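Model, not experiment: these values are computed from the prediction.
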Amino acid sequence: MTMHSSLQRAFTNRSVLKVISGLNNFNAENVGAIAKSAEIGGATFVDIAADPDLVRLVKSLINLPVCVSAVEPEKFVASVAAGADLIEIGNFDSFYAQGRRFEAEEVLALTQQTRALLPEITLSVTVPHILTLDQQVQLAEELVKAGADIIQTEGGTSSQPTHAGTLGLIEKAAPTLAAAYEIARAVSVPVLCASGISSVTAPLAIASGASGIGVGSAINQLNSEIAMIAAVRGLVEALATAKVLTP
């Protein structure tokens, strides 16, 4: 497996910012705007729905590595052929509202099927937050054995912040931060902390052992490219302060 060189550098520096447009977002205009904002703002890479037309569009607009997300392994093949640089099994957040759960056995099976189809591509896998922390760690270890190159945590949808402002942002990020802390100590591959992360909690993700963060709704729900660029820049600056704070 050869990881994109700019990605490799960012993971080594523990300064990765992945901007997520949404696993079920097939709106070409919106995805294009998010991708352009991500590049202008200084993100490391973008994560879009696994659709070959979207991949070609985004690759024509930006020079950042492009990741595609899906929960069906066969969807990755056409997207990789269209130029996707890496793939992600997940993000599961959008499915929980529909009552769809992803258990450890299914995520492991998806990983094995994906690796059989695409043995060379850089593969990121999300560990479902519905598992207990020790189950998340156990699954992460099994995923790495099955060929995962990056482990992503989640948890923003399960936390119910009771406070506004900074305290509420820390409460929202607590589940994914806890998962990153535990998993980063158990696996040798980079961990991306995603779901519920903000510029307040980005440094906490790095301090917890993550090599970077994945951010979706804090950027993709904004209604202008200027606002999106500003949000991306704020996250990049937060990650830069994290590197100063952590040895």
Are the side chains of [Y] and [X] in contact, using a 4.5 Å heavy-atom criterion?
X   : Y    : answer
V16 : F45  : yes
V46 : I62  : yes
E39 : V232 : no

- request: Report, as yes or no, whether the 6.0 Å neighbourhood of atom CD1 on I226 holds more than 12 heavy atoms from other residues, nucleotides or ligands.
  value: no
query: Does the ring center of Y96 lie less than 6.0 Å from the ring center of H129?
result: yes
Quick one: [atom1] on [X] to [atom2] on [Y], what's the gap to the nearest 0.5 Å?
X    : Y    : atom1 : atom2 : value
D51  : N24  : CG    : CG    : 11.5 Å
I121 : L123 : CD1   : CG    : 9.0 Å
Q152 : C67  : CD    : SG    : 8.0 Å
I87  : S124 : CD1   : OG    : 9.5 Å

- prompt: Under the criterion side-chain contact (heavy atoms from CB on, under 4.5 Å), which of N25, I48, I20 is the partner of I34?
  reply: N25
message: Exactly one of E142, Q113, K145 should register a side-chain contact (heavy atoms from CB on, under 4.5 Å) with L108. Which one does?
response: E142
Just by distance, no angles: are the side chains of [X] and [Y] close enough, under 3.5 Å, to form a donor-acceptor pair?
X    : Y    : value
T114 : T111 : no
S199 : E237 : no
S69  : D47  : yes

query: Do side-chain atoms of T176 reach the backbone of C193 as a donor and acceptor pair under 3.5 angstrom?
result: no
- prompt: side-chain contact (heavy atoms from CB on, under 4.5 Å) with E103: which residues, sequence neighbours excluded?
  reply: R101, E105, I130, L131
message: According to side-chain contact (heavy atoms from CB on, under 4.5 Å), who are the partners of A227, at least two apart in sequence or on a separate chain?
response: L222, S224
query: Listed by chain and number, what are the salt bridge (Lys or Arg N to Asp or Glu O under 4.0 Å) partners of E141, not counting sequence neighbours?
result: none
query: Given S159 and E171, is the side chain to side chain donor-acceptor pair (under 3.5 Å) satisfied, shown in steps?
result: CA-CA 7 Å; S159 58; E171 288 172 342; over 6 Å; no
